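Basis for what follows: all heavy atoms, side chains included, without hydrogens, waters or symmetry-related copies. All residue numbers in this chain count up from 1 along the given sequence. These figures come from a predicted structure and were not determined experimentally.
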Amino acid sequence: MRKKIILAAVIVFTIVSSVMGTRAYLCAKDKENLRSAICASRERYALDESIEEADVVAEVKIKGVVEEFDNGIPQTLHRASVVETYKGELPEEINVLQDGTKKMPVSDNPLFEEGERYILVLRNTVSLDDNDNSYWVLKEYFVSGNQAVETLLTGEPTADEDVIDIYDSAKSWNSEVSRKEAELPYNSEILNKSDLVDYIEEVQ
């Protein structure tokens with residue numbers, strides 16, 4: 001009976017996500033406890049392409065969860081304070097929409113946590129009842145000190161050796177970047193934040 005329920009949920013979720021234009025499906029994480037996660041195939045962007053497509057690019061500090069909801073795909077709306085804006089104009093606080101919830105996370109994209117800082121490449125949302133100052137993510141980089149790690153893999157590796165420095169030894173990573181990188185199910189480059197910011201500003 002449980003298998004039939006999960007199969008039905010997968011079929012419904014796949015149909016709904018297909019209608020919405022999102023290639024996503026449920027993948028079992030723990031068959032005994034029937035826990036699931038969203039496995040998604042996202043549109044792929046190189047960093048320069050994502051910056052050109054973006055309405056805004058900014059460094060933000062996550063303040064907490066505003067709401068979790070499911071309009072076909074489980075999503076979480078976070079409140080964030082704007083630390084610095086690199087493209088466009090933003091108020092002091094914005095909302096950031098992220099796929100997945102605590103009960104139904106995206107398998108390759110950890111949910112934002114309160115107090116964390118990110119450089120986010122963002123587009124205005126159109127799917128919420130109130131879309132003012134609400135954005136969805138094209139690319140995201142967790143930042144700590146002068147290091148950054150891409151936490152939403154949506155394209156080729158970010159760093160070009162001539163443009164952005166890569167910390168090639170885990171011994172040189174700071175503790176927060178090491179913690180975040182360890183949460184990811186793939187190997188991600190640890191970048192020099194200053195180089196990343198310079199590149200973002202140059203692409204505009």
**Asked** Is there a donor-acceptor contact under 3.5 Å from the side chain of Asp48 to the main chain of Val203?
**Response** no
**Item:** Rounded distance [0.5 Å steps], CG in Leu47 versus OH in Tyr199
**Value:** 5.5 Å
**Request:** Identify the heavy atoms of Gly88 and Val56 that sit nearest to each other, and give their distance.
**Result:** CA-CG1, 4.1 Å
**Main-chain N/O of Val149 paired with Ser188 side-chain donor or acceptor, under 3.5 Å** = no
**Message:** Between the side chains of Arg179 and Glu116, is the shortest nitrogen-to-carboxylate-oxygen separation below 4.0 Å, so that they form an ion pair?
**Reply:** yes
**Asked** Which residues pass the ring pair (Phe, Tyr, Trp, His ring centres under 6.0 Å) test with Tyr118, sequence neighbours left out?
**Response** Phe112, Phe142
**Complete:** Note: Thr101 and Leu111 closest approach over all heavy atoms is C-CD1, 3.5 Å
**Fill in**
Closest non-hydrogen contact found for Trp136 with Asn124 is NE1-O, 3.3 Å
Identify each donor-acceptor pair in which a side-chain atom of residues 61-68 lies under 3.5 Å from a protein atom, sequence neighbours left out, and give them as a table.
| from | atom 1 | to | atom 2 | distance (Å) |
| --- | --- | --- | --- | --- |
| Lys63 | NZ | Glu93 | OE2 | 2.3 |
| Glu68 | OE2 | Lys102 | N | 3.2 |

**Prompt:** In Å and rounded to the nearest 0.5 Å, what is the NZ to CD distance from Lys139 to Glu150?
**Reply:** 4.0 Å
**Request:** Identify the two heavy atoms, one from Asn174 and one from Ser144, that lie closest to each other, and give their separation to 0.1 Å.
**Result:** ND2-O, 2.9 Å
**Request:** Please determine which of Val57, Asp55, Val121 meets the side-chain contact (heavy atoms from CB on, under 4.5 Å) test together with Lys87.
**Result:** Val57
**Request:** Using atom types as modelled and distance alone, determine if a side-chain donor or acceptor of Glu181 lies under 3.5 Å from a backbone N or O of Ile190.
**Result:** no
**Request:** Under the side chain to side chain contact (heavy atoms under 4.5 Å, CB included) rule, what do Arg79 and Asn95 come out as? Steps first, then yes or no, please.
**Result:** CA-CA 5 Å; Arg79 194 75 174 150; Asn95 292 325; 2.9 Å; yes
**Asked** Between the main-chain N or O of Val143 and the side-chain N or O of Lys193, is there a donor-acceptor pair closer than 3.5 Å?
**Response** no
**Prompt:** Any donor and acceptor pair, going by atom type alone, linking the side chain of Ser169 with main-chain N or O of Lys171 inside 3.5 Å?
**Reply:** yes
**Item:** Asp132 to Asp130 - nearest heavy-atom pair and separation
**Value:** N-OD1, 3.1 Å
**Prompt:** Taking the side chain from Arg123 and the backbone from Leu138, do they hold a donor-acceptor pair closer than 3.5 Å?
**Reply:** no
**Item:** Asn146 (side chain) donor-acceptor with Asn192 (main chain) under 3.5 angstrom
**Value:** no
**Prompt:** Are Thr151 and Glu140 linked by a side-chain donor-acceptor pair shorter than 3.5 Å?
**Reply:** yes
